[in-house]
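Naming convention: chains lettered A, B, ... in sequence-line order (proteins, then strands); numbering from 1 in each chain.
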Number of protein chains: 2
Amino acid sequence: MTANPIFRVVEGPASGRCEQCGIRKKAVCAYCSTPELVLLDAMKSYKDFAPGEEIAAAGEETTHVGTVVEGVVSLSKTMIDGRRQMVGLLFPSDFIGRPFRAIAPFDAVAVTHVRVCRFKRKSFESLCEESPNLEKRLLEMTLDELDASREWMLLLGRKSAREKLASFLAILARRAAGLADKPLANGVTVELALTREQMSEYLGLTIETVSRQFSQLKREGVIALKSAREVAILDFARLLDASGDESDGDALY
Amino acid sequence: MTANPIFRVVEGPASGRCEQCGIRKKAVCAYCSTPELVLLDAMKSYKDFAPGEEIAAAGEETTHVGTVVEGVVSLSKTMIDGRRQMVGLLFPSDFIGRPFRAIAPFDAVAVTHVRVCRFKRKSFESLCEESPNLEKRLLEMTLDELDASREWMLLLGRKSAREKLASFLAILARRAAGLADKPLANGVTVELALTREQMSEYLGLTIETVSRQFSQLKREGVIALKSAREVAILDFARLLDASGDESDGDALY
DNA sequence: CGCTCGGTTGAGTGAATTCAAGGGCTGTGG
DNA sequence: CCACAGCCCTTGAATTCACTCAACCGAGCG
């Protein structure tokens, strides 16, 4: 429904036919055949969200699932007293929503401007039954997410503040470096989509501690801050060292 | 292969035909039809593990996947300097192993005596392609695991030591109370399969802190310790209150 | 009997939090 | 154009919760 009232004037990279969708090779529809894509094309709709806008609320019924096409989405859970923990960060091509369950287990909030390629949950579930390709890809993606979230449990449960921030920056740097694997040149600049507060929610820290660790890494010459939200990785080896992870390459991301 | 050299003399509840397997209705094979079960029956083998025995090692190739039939298995990750975080605890009917990936992402260790109903990973993967019922159930289980692990991220990232232990005990109590949902009578006794050290690894604490929190809850009359490993829940309402979770019912477990 | 292992408890420390203040940037309105 | 408010971020000082270090207890076992 690109004809809806939309916040920004948009006709971004991805909102047309599935065939020419930029993230199709990585999204849940990656394994779909051309006829299957025609089906998806007929069922899908795009929806945009402004930064800070709620996409789904924990405990409430959700009617849609889909794929993040543009922007960054946070998944989080809040305790009654307000303490909040981010439990995931979704980037373009990531799947969003909970198939086979009416009630959303977590809050989903747009961090940046976000565009989602959506399906009605029920329709998507039926589609899964019929299309082994779709279901197979969803299973793969869910298994990967599970591995990643368990990896994050190690960070939350055992790493120091310094290690947490270094791990986070290392992941972003890898992602920024063309999503390629190993070759990570020093001097890469990473654009932070998150505020200090959002990072603190992701890392299980307070905003002040995050800020202090930024300052510390800067003081040591591991990173440089072009602005509060632009980080240059000056010494990737030392960043990895500070992250507490062994060597380099084997990360899941 | 129950004819293999096995550690204990065993012919426990579950090791025969799939049809009469006690956990079949909850395991990955739950949706399989009779002919499918015949296939599984032909491919499966049972393997037993002694307490403390390694079932899989992070970073190493694994050849099998399967279902925990008896006992408790821990999934964990260890940092180079020895810090360790448990990232999951597997009970009977839980799936164990990582389909579609040769290298195990985590250590799997038998906490108690364990029996696993195993399949060669490759064979299981092929079976998934052919049996939508199998794949569907695996997808469901993986989605549930993902939700649970994200729930655990909240515990690790935001909860106090007291809240962590109370949450853990509340989960065990619910599980012990017949896996039923709400009705939780006071006085239920929970048998702890884990040592204080294993609990500390699961909760992201030290062994001393776990012990202190046990003592504290005992002093307050929330629980009673019949022995170090047998906990009576004297006041479930106050336990829930101490867990930091809202009200009671909605937990994922 | 003496050892080890799992568990508890106490004392002191320290890393991250809380509380508090201030700086810089942006957008708005006088 | 400047003044001001609000937001995001940083930094300092004090506090606290969990950790480290250390001693001790009881049960099981060679």
What is the distance from [atom1] of [X] to [atom2] of [N], rounded to the nearest Å?
X	N	atom1	atom2	answer
Leu192(A)	dT10(D)	CG	P	10 Å
Leu203(A)	dT17(C)	CG	P	10 Å
Glu208(B)	dA18(D)	CD	P	14 Å
Gln198(B)	dC5(C)	CD	C1'	13 Å
Leu194(B)	dG7(C)	CG	P	10 Å
Ile207(A)	dT10(D)	CD1	P	8 Å
Arg196(A)	dC25(C)	CZ	P	14 Å

**Message:** Any non-hydrogen side-chain atom of Met153(B) less than 4.5 Å from a side-chain atom of Ser149(A)?
**Reply:** yes
**Close side-chain approach of Leu169(A) to Leu239(A), heavy-atom, < 4.5 Å** = yes
**Request:** Using a cut-off of strictly less than 4.0 Å between a heavy atom of the residue and any atom of DNA chain D, enumerate the qualifying residues of residues 156-166 of chain B by number.
**Result:** Ser160(B), Ala161(B)
**Residues in contact with DNA chain D, drawn from residues 209-231 of chain B - heavy-atom cutoff 4.0 Å** = Thr209(B), Arg212(B)
**Prompt:** Salt bridge or not for Lys77(B) and Glu151(A), using N-O below 4.0 Å?
**Reply:** yes
**Fill in**
Per-nucleotide protein contact along nucleotides 25-30 of chain D, 5' to 3', at a 4.0 Å heavy-atom cut-off (B base, S sugar-phosphate only, - neither), is ------
**Message:** Restricting to side chain to side chain contact (heavy atoms under 4.5 Å, CB included), what partner residues turn up for Ala232(B), sequence neighbours left out?
**Reply:** Thr189(B), Ala224(B), Leu234(B)
**Message:** My understanding is that only residues two or more places apart in sequence, or in another chain, count here; which of them pass salt bridge (Lys or Arg N to Asp or Glu O under 4.0 Å) with Arg118(A)?
**Reply:** none
**Asked** Out of Met86(B), Gln85(B), Arg83(B), which one pairs with Glu201(B) under the side-chain contact (heavy atoms from CB on, under 4.5 Å) rule?
**Response** Met86(B)
**Asked** Who are the side chain to side chain donor-acceptor pair (under 3.5 Å) partners of Gln216(B), not counting sequence neighbours?
**Response** Arg219(B), Glu220(B)
**Donor-acceptor contact present, side-chain Ser200(B) to main-chain Glu197(B), <3.5 Å** = yes
**Prompt:** Does Ser243(A) offer a backbone N or O that forms a donor-acceptor pair with the side chain of Lys159(A) under 3.5 Å?
**Reply:** yes
**Asked** In terms of ring plane angle, is the pair Phe168(B) and Tyr202(B) parallel, tilted or perpendicular, where the classes change at 30° and 60°?
**Response** perpendicular
**Message:** Using a distance-only criterion (donor-acceptor N/O pair, under 3.5 Å, no hydrogens), is the base of dC5(C) paired with the side chain of Glu197(B)?
**Reply:** no
**Prompt:** Do Arg196(B)'s NZ or CZ and the ring of Phe214(B) fall within the cation-pi criteria of under 6.0 Å and 45°?
**Reply:** yes
